[in-house]
*Asks:* 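Provided herewith is a single structure, encoded as structure tokens, for subsequent inquiry.
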Amino acid sequence: MSAPFDSAANMRRERILATVDSIPKGRVSTYGRIAEETGLGRGARQVGAALRDLPRGRNVPWHRVVNAAGQISPRDGDSQARQRKLLEAEGIEFSATGRIDLARFVWPAL
DNA sequence: CTCGTGACTTTGT
DNA sequence: TACAAAGCCACGA
């Protein structure tokens with residue numbers, strides 16, 4: 001069994017998911033922050049890719065990751081609406097323009 | 001090796 | 001506050 005289950009790219013993805021998993025309920029983080037915490041420097045886009053490729057059934061709080069503007073990043077499908085629903089269910093508040101006040105909800109705190 | 005791509009970020013209007 | 005442009009980084013054609 002020498003399948004590339006432990007390729008560098010794969011391990012990097014696992015570390016990203018581990019960091020995302022550390023975001024407490026009722027809080028959010030950003031792609032850039034997750035990248036930094038995971039030790040990827042300016043690898044925010046890689047964080048987005050990891051969540052995009054998240055296999056169904058994987059238990060990770062992917063919905064707690066938003067962009068630096070405090071908004072749910074655009075994408076295809078209804079995933080955006082589902083993300084907002086999940087966040088609101090945890091007490092996250094959205095402004096009239098659909099923005100989250102990071103000063104209040106970002107993790108770790110500013 | 002060069003190019004295009006993207007759940008991103010920062011900077012300049 | 002909103003939008004455009006440029007910067008950034010890993011991947012795959």
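Residue numbers start from 1 in every chain, and the chains themselves are labelled A, B, ... in the order their sequence lines are given, proteins ahead of strands.
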*Asks:* Should A:E36 and A:R42 count as an ion pair when the cut-off is N to O under 4.0 Å?
*Replies:* no
*Asks:* In terms of side-chain geometry, is the basic nitrogen of A:E37 or A:R33 positioned less than 4.0 Å from the acidic oxygen of its partner?
*Replies:*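 No.
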*Asks:* Minimum heavy-atom separation for A:R27 to A:R64, with atom names?
*Replies:* O-CD, 3.4 Å
*Asks:* Rounded to the nearest angstrom, tell me the gap between atom CD1 in A:I16 and atom C1' in B:dG6.
*Replies:*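 Atom-to-atom, A:I16 to B:dG6, this comes out as 14 Å.
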*Asks:* Give the cluster check for A:V20 versus A:V106: same hydrophobic cluster or not, with ILVMFWY residues linked at side-chain heavy-atom distances below 4.5 Å.
*Replies:* no
*Asks:* In whole Å, I'd like the distance from the CG atom of A:L40 to the P atom of B:dG6.
*Replies:*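 After rounding, the reported distance stands at 21 Å.
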*Asks:* From the list B:dG6, C:dA2, B:dA7, which nucleotide is the closest neighbour of the side chain of A:Q83?
*Replies:* B:dA7
*Asks:* Reckon A:A35 touches a base, only the sugar-phosphate, or nothing at all at heavy-atom distances under 4.0 Å?
*Replies:*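 Touches nothing.
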*Asks:* Would you kindly say whether A:Q71 and A:R84 are connected by a side-chain donor-acceptor distance under 3.5 Å?
*Replies:* no
*Asks:* If I take atom CG in residue A:N10 and atom P in nucleotide C:dG12, what distance separates them, rounded to the nearest angstrom?
*Replies:* 12 Å
*Asks:* Can you check the A:D53 CG to C:dG12 C1' distance for me, whole Å?
*Replies:*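 In whole Å, C:dG12 C1' and A:D53 CG are 13 Å from each other.
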*Asks:* Specify the separation, in whole Å, of atom CZ of A:R15 and atom C1' of C:dA10.
*Replies:*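 In whole Å, C:dA10 C1' lies 13 Å from A:R15 CZ.
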*Asks:* State whether the distance check finds a donor on one side and an acceptor on the other, under 3.5 Å, for side chain A:R42 versus base C:dC8.
*Replies:* no
*Asks:* Let's see if you can work this out: which of B:dA7, B:dT10, B:dC8 has an atom nearest to the side-chain heavy atoms of A:S79?
*Replies:* B:dA7
*Asks:* Quote, to the nearest angstrom, the P distance that separates C:dC9 from B:dT11.
*Replies:* 14 Å
*Asks:* Starting at OH of A:Y31 and ending at P of C:dA10, how long is that distance when rounded to a whole Å?
*Replies:*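 Rounding to the nearest Å, OH of A:Y31 and P of C:dA10 are 19 Å apart.
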*Asks:* With the side chain of A:R45 defined as its heavy atoms from C-beta on, choose the nearest nucleotide among B:dC8, C:dA10, B:dA7.
*Replies:*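 For the A:R45 side chain, the nearest candidate turns out to be B:dC8.
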*Asks:* Let me know the distance between CG of A:N67 and P of B:dT11, rounded to the nearest Å.
*Replies:*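 Between P of B:dT11 and CG of A:N67: 16 Å.
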*Asks:* Any N or O donor-acceptor pair under 3.5 Å from the base of B:dA7 to the side chain of A:R52?
*Replies:*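 By the distance-only test, no, there is no pair.
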*Asks:* Do any side-chain nitrogens or oxygens of A:R99 fall under 4.0 Å of OP1 or OP2 in C:dT1?
*Replies:*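 Yes.
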*Asks:* Once you round it to whole Å, what is the distance between C1' of B:dA7 and CD1 of A:I23?
*Replies:* 13 Å
